[in-house]
Amino acid sequence: MKLKRRQAKRLSSLRVALALLPLALLALVAAYHSRQCKPGGHLQSAPAQGRGTAAAAADAAGGQPVPPPLAPEDVPPDCMRVERVCVDQQMVVMMDRQYSVQYRPQVPLPQWTPEVYYNFPWSQDSNPDIWIEEPAVVPVVEFRPAGQQEPSPDLQSPVFEAATLPMLFVAKWQDNFSHILGNSAAWLHAHLHLRNASWAHRVALVVHTPLGMALPALWQTLVGPLVPAHPVQSFADFSDRSRAGGGGGGSSGGSGLTGRCFAEMLLCTGRPIDDQGLNVSQAGQFIARHYQPSLPASPVTYSGGIAASSSGPTRMLKVLFIARSPKVAVRQILNMEELLEQCRVWRYTDPATSVQFSAECGVWQAGPELLLNLAAFRSADIAIGRHGAGMANGFFMREGGAMLEVFTPGWTWQLFRGWRDQDEQPALQWWGLTVEDTFLLSPGQHEVDGHPHMYRGSQGPGKKGRDANMRVPWAGLAHVLEQYAGVQATGGMAAYQERRGRREAVVYDYGAGGEVRPGNIWGW
């Protein structure tokens, strides 16, 4: 009897063990997959016998070693890192179970809500800088948990690509050339190149445009050299379901990417344009060096340059006037032809060195073709124009080049001077002229207020003064040209830096009586 009871007990234990065996096997499989799906890796099959896990990981990455995940110190300021994510219809899908409402305790979904504005310019002929009374806020980046009803095979069976690091970028003033350079390109240059980020070659830049709007084409030409691994895309295109495919893969959509699921992703926003942690000047020179081998000949026709009156050292300056697009029709130089005529016969002898200066002069209207703008600005010694996005091309000038910004009274925001001063080893000079003679402003204020391309918004009357058209006085420009010529005669950039160190004027005011006097450095 005792023997039978012992046999029955053993049999019962065996039945329990057999019943638990499938659960134990499932636990082992889950543990294995958990190890293989760490951030920075791929979901993958068991490694072949006799080969290490590193080799198996390389197999899953197309034969390439799987890069390690970003360490906390790798993540730039103003960025958030998320892992094991997919993208779909301008949403970030958190694929880990811990984000499900059925998981206890549930991990809250990430939030990313930088406030930037978008003004939805009406047509190709309108000024994208016009602000409506209440500009629209770009919708926040949305996150959702994964679920049973995922709409496409790549989200149903995700394969997390590790070689590519998407950077979802919330950019300010997405349509403005100057702000893309200062807010976005300079930020990327600072955090990818100046920091020598080991992961910079993995970045796929994705710009969060509002409500599916297209990304302006200038993003690829202006920002693309900083993130060359993949084309710059809008979040709408990057997350589009047309890229979804079977078996966890997908089409590249021309981006070179093979899916919509990634081991890790960064969400970032650029800094304010007056942030002194950036270096717009060096970013501009980086982009210029990238394009230098492929630049076309200068599209500018220079003319003038009268002969020296006596023997002695001579120097011919190339002076480039910058015109603004007629479709914008604000901040125009109304007497451009008169200025060109005066410039072509200008002559100056530096009293300290007896160097005789004259000028060849031309005009260029900065347009959407970046390489033509680069070729034009790099052909000049000094570029002269009204404050605006076109003058930002001055950051692409040859070393020692100079920009001369012309301001209206009441608007002396020396943004480009501030950008230039961020660089501890600057390659550019900045000069300014404020025209205080309101008689030279045209049209009258009542006409300006009614102009269809005029700034509208809530940032005060200064913007209206900024946008007035103007007859620029040659006497004011000639005075600044003489100061620039004196610097060139006595050492160029080194002499300019010494002048700044002595706090000598580099900006001048042209008064109502025609007098020219030193002005002030404004702003940061």
When you compare the side chain of [Y] with that of [X], does any pair of heavy atoms fall below 4.5 Å?
X    : Y    : result
F395 : F416 : yes
V141 : M80  : no
S184 : W219 : yes
P296 : L371 : yes
L181 : I287 : yes
F143 : V85  : no
L226 : L205 : no
T408 : R386 : yes

Once you round to the nearest 0.5 Å, how far does [atom1] of [X] lie from [atom2] of [Y]?
X    : Y    : atom1 : atom2 : value
E264 : E161 : CD    : CD    : 11.5 Å
L374 : L222 : CG    : CG    : 9.0 Å
L168 : L267 : CG    : CG    : 4.5 Å
M94  : S100 : CE    : OG    : 13.0 Å
Q429 : E399 : CD    : CD    : 11.0 Å
L155 : Q149 : CG    : CD    : 12.5 Å

Could you walk me through whether D467 and W411 pass side-chain hydrogen bond (donor to acceptor under 3.5 Å, both in side chains), step by step? CA-CA 9 Å; D467 285 350; W411 182 262; over 6 Å; no

Looking at [Y], is its backbone amide N or carbonyl O close enough to the side chain of [X] to form a donor-acceptor pair, meaning the two atoms are under 3.5 Å apart?
X    : Y    : result
S239 : Q90  : yes
H208 : P139 : yes
D237 : S234 : no
D381 : A402 : no
R241 : D88  : no
E150 : S157 : no
R260 : C86  : no
R420 : P426 : no
R378 : S298 : no
H201 : S198 : yes

Six-ring centre of F238, R243 cation under 6.0 angstrom, axis tolerance 45°
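Yes, R243 sits over the ring of F238.
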
Heavy atoms only: give me the nearest [X]-[Y] pair and the separation to one decimal.
X    : Y    : value
G212 : A236 : CA-CB, 3.8 Å
Y99  : P108 : CE2-O, 3.5 Å
L320 : A380 : CB-CB, 3.6 Å
Q174 : P210 : OE1-CD, 4.0 Å
S178 : W419 : O-CH2, 3.3 Å
W187 : C79  : CH2-SG, 3.5 Å

Inset, instruction - In sequence, state the C-alpha distance, the side-chain angles, and the governing distance for E405 and Q414, and then conclude on side-chain contact (heavy atoms from CB on, under 4.5 Å). - result: CA-CA 9 Å; E405 283 191 274; Q414 297 166 3; 5.6 Å; no

Practice task
Take N279 and E424, measure what side-chain contact (heavy atoms from CB on, under 4.5 Å) needs, and give me the verdict at the end.
Solution key: CA-CA 9 Å; N279 197 315; E424 295 181 354; over 6 Å; no

F235 and side chain to side chain contact (heavy atoms under 4.5 Å, CB included): which partner among V87, D240, V170, L215?
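The option that passes is V87.
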
* Asked: Is it true that R500 and D421 make a salt bridge, defined as a side-chain N closer than 4.0 Å to a carboxylate O?
  ->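 A salt bridge links R500 with D421.
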
Determine, stepwise, if the pair L192 / W199 fulfils side-chain contact (heavy atoms from CB on, under 4.5 Å).
-> CA-CA 8 Å; L192 299 184; W199 44 269; 3.4 Å; yes

- Query: Does the pair F160 and M95 meet the rule for a side-chain contact (heavy atoms from CB on, under 4.5 Å), with working shown?
  - Reply: CA-CA 10 Å; F160 299 103; M95 302 304 292; 3.8 Å; yes

| message | Please tell me whether D423 and Q282 have a donor and an acceptor in their side chains that are separated by less than 3.5 angstrom. | response |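 Side-chain D/A pair, D423 to Q282: present.
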
